[in-house]
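The chains referred to below are lettered A, B, ... by the order of the sequence lines, with proteins before strands, and numbering in each begins at 1. Because only heavy atoms are used, hydrogens play no part in the values below, and waters and symmetry mates are left out as well, while side chains stay in.
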There are 2 protein chains.
Amino acid sequence: MSGNAKPTINDIARLSGVSKKTVSRVINRSPLLNEETRKRVDDVIRQTGYIPNPQARALALRRNFLIGLVHDNPNAQMVLGVQQGILSVLKGTEYELIVRPVDRGSTTLVADVRSFLERQRLHGVVLLPPISENDGLASLCLELGCRYVRMGSAELDDAAHMVASNDREVVREVVTFLMTTGHRRIGIITGPPGFRSASERHHGFNEALVAGGITPEPAWAVEGNYRFESGLVATRNLLAQDPRPTAIFASNDEMAAGALHAAREMGLDVPADLSIIGFDDTAIAAHIWPPLTTVRWPIVEMGKAAARKLLAGTIDALPEMPGDALFLSALIQRASVAPPR
Amino acid sequence: MSGNAKPTINDIARLSGVSKKTVSRVINRSPLLNEETRKRVDDVIRQTGYIPNPQARALALRRNFLIGLVHDNPNAQMVLGVQQGILSVLKGTEYELIVRPVDRGSTTLVADVRSFLERQRLHGVVLLPPISENDGLASLCLELGCRYVRMGSAELDDAAHMVASNDREVVREVVTFLMTTGHRRIGIITGPPGFRSASERHHGFNEALVAGGITPEPAWAVEGNYRFESGLVATRNLLAQDPRPTAIFASNDEMAAGALHAAREMGLDVPADLSIIGFDDTAIAAHIWPPLTTVRWPIVEMGKAAARKLLAGTIDALPEMPGDALFLSALIQRASVAPPR
DNA sequence: TTGTAAGCGTTATCAG
DNA sequence: CTGATAACGCTTACAA
């Protein structure tokens, strides 16, 4: 075949007898273009297999065709799910995903993200909780002209910049279900302080109790950190009390697995002696024994929605779905809940 | 407090009274540079907070400062672990991670990866199993001048391009342990065909049996696909036999969790009625009940090693560790193994 | 509707 | 050792 050098915009221009600017117009779907010219150039592009050089475009446009996933999330399943959702939307487009973990504890968090964004000049970023709750990061994106979408458990921003879930509401539902099943002494393992998801879920929990005529018992709310071990420790604590809860709501599945573990250690049967409900519906929920009653958090779909928002207005734009701003979680009943003895 | 435009190489050149080429030399640590000039320029760079524009560099160098993670891996924990390892090495360097899932079933796999690499002009890529076993991809990288490292369960390439684990060996150890514990009827749930890890583990399994004077029983080797459900189905199959195995080696933890599930469904106690061993030591292994005896596969460390190899010879190069080519897995004893009744 | 010239911010070439 | 000058491949004025 011809030389092995990839064709550039100049080659296309020469081959189709137009200027490079015209080729550029074709590439960028400029509306003011003679349909005939467009077709001619398009044909040459197709024949040569020409692909615009993203590096050159990035330099000229001062903007890359990259979507960033910025996070400091202790929940592996969540990160992976969001990634999967974003990637599925990016697939077939000219955009790629770049993953950037950060340290939310660092005092230089905002500065770190700033230098990352300034250097990479991303098309846009997806901010995962808990750093998505940091308004400073949002204004930073605004300042730098970088599109952004924040994911979280409550609406922290306008619909164009937010993909939220209704955690508080669904937890109310969960706890109501527990009460309907006959439980009156219900414990909660909360998420770590500073997490909006943690406080939303905790609030939903308390609201449901109060609505059911039960006064939340401070001793039955134990703090966890979304990790297995913290669920284990919290549950030992909860079950050491007298009287002890007959049901526990863990603010995520990993901690729920820890709760199950703790119950087993004490020789308790789940759900006969203790009912447990988790949150997330990650793989572990269906895989442990007994299968865990939990809340399905549509994290992959939320990732897709985030990507769609970021791509809105571009050539690769996908239609935004109705409800792309608020996602509804749902109770998944499995086998870890039963009436108290 | 000057204008808010970021300084460019021209600014630095002007401010330090040298040419831009000299600044470029400083940036790139050119050895032929007057130490005094270097220092002067360096000072200006530090004062202004100048950061070279990666897009411009990418264009001029025809190469990006990006590391690609190319995979089609059904094992979420593995992908995440590798990612974590790579990112930890990339942290603080000028390199970023770009994630690219591909479809290993597609007939256009190689072509897809080719266009990805040609477009993005990555510094290097990490190939995860099972596509890492595709020699066509390796030659493609060579052809395109893209550094690459293949990860896998056997040494498929030279040490510079390979990060391998000793699956076969460790599985021999695992099965020997089972035999030592008293088991003679041992089943295996294999990985899917076409996976080197699957065949390596299966071979190790058979070798150990033979070495222990046991003839592998074909009916006790059931195929799985590394997913929970397949472990469930395979185990139902295994336990339906008469006589049935007293122990099962599952080729990964997810399938081992499925095995546990199946045992529970049938009212069997683990480990009293059935011993189970998994592989990977992913989070689920320690979190299910009983805690799963498994093999620790140092996947995060392997990811780090892969990144180190890719960065070797660059400014950001980290010392390569001894043993960066072959990683040793180890048996982790927990509570899912006991002598047969 | 299309083309020309001038960048975008860096590195390579090749003199000095 | 250092510096003009020309790429790198594309886009944005601004004309025509």
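With distances taken from any side-chain atom of Arg62(B) to the nucleotides dC8(D), dT11(D), dC14(D), the minimum falls on dC8(D). Each of dG3(D), dC14(D), dG9(D) was ranked by its minimum atom distance to the side chain of Val18(B); first place goes to dG3(D).
Contact check on Glu301(A) versus Lys304(A) returns a salt bridge, with a Lys/Arg side-chain nitrogen under 4.0 Å from an Asp/Glu carboxylate oxygen. A salt bridge links Asp11(B) and Arg14(B); the closest N-O separation between the charged side-chain nitrogens and carboxylate oxygens is under 4.0 Å. Salt-bridge annotation for Arg57(A) and Glu94(A): present, with a side-chain N of the basic residue lying under 4.0 Å from a carboxylate O of the acidic one.
Using a 4.0 Å heavy-atom distance criterion, Leu59(B) is classed as a base contact. Contact annotation for Pro54(B): no contact, since no heavy-atom pair falls under 4.0 Å across all strands. Among the heavy atoms of the strands lying under 4.0 Å from Leu61(B) are primed sugar atoms or P, OP1, OP2 only; no base atom is included.
Straight-line distance from the CD atom of Glu36(B) to the C1' atom of dT2(D): 14 Å, rounded to whole Å. Across the protein-nucleic acid pair, Asn10(B) atom CG and dT5(D) atom P stand 14 Å apart, rounded to whole Å. Separating the CZ atom of Arg25(A) from the P atom of dG9(D) is a distance of 21 Å, rounded to the nearest angstrom. Distance Lys21(A) NZ to dG9(D) C1': 13 Å, rounded to the nearest Å. For Lys20(A) and dG9(D), the NZ to C1' distance is 7 Å, given to the nearest whole Å. Here the P atom of nucleotide dG9(D) and the CD1 atom of Ile27(A) are 13 Å apart, to the nearest Å. In this structure, CD of Glu118(B) is placed 13 Å from P of dG9(D), rounded to the nearest angstrom. Rounded to an integer number of Å, the gap from Lys39(B) NZ to dT2(D) C1' is 20 Å.
Taking the six-membered ring where tryptophan is involved, the planes of Tyr95(A) and Phe65(A) are tilted, since the angle between them lies from 30° to 60°.
A donor and an acceptor atom, one from each side chain of Arg40(A) and Asn34(A), are nowhere located under 3.5 Å apart.
Residue whose closest nucleotide on DNA chain C sits further toward the 5' end, between Glu35(A) and Ile51(B): Glu35(A). Comparing Arg40(B) and Asn53(A) by the nucleotide of DNA chain D whose heavy atom lies nearest to each, the residue mapping closer to the 5' end is Arg40(B).
A salt bridge (charged side-chain N to carboxylate O under 4.0 Å, His left out) check over residues 128-137 of chain A, counting only residues at least two apart or in different chains, returns the pairs Asp135(A)-Arg150(A).
Contact check for Gln83(A) versus Gln83(B): side-chain heavy atoms found under the 4.5 Å cut-off.
Contact check, Thr8(A) against dG9(D): no side-chain N or O comes under 4.0 Å of OP1 or OP2.
Chain A approaches DNA chain C within less than 4.0 angstrom (heavy atoms of the protein), and the contacting nucleotides run 5' to 3' from dT1(C) to dG9(C).
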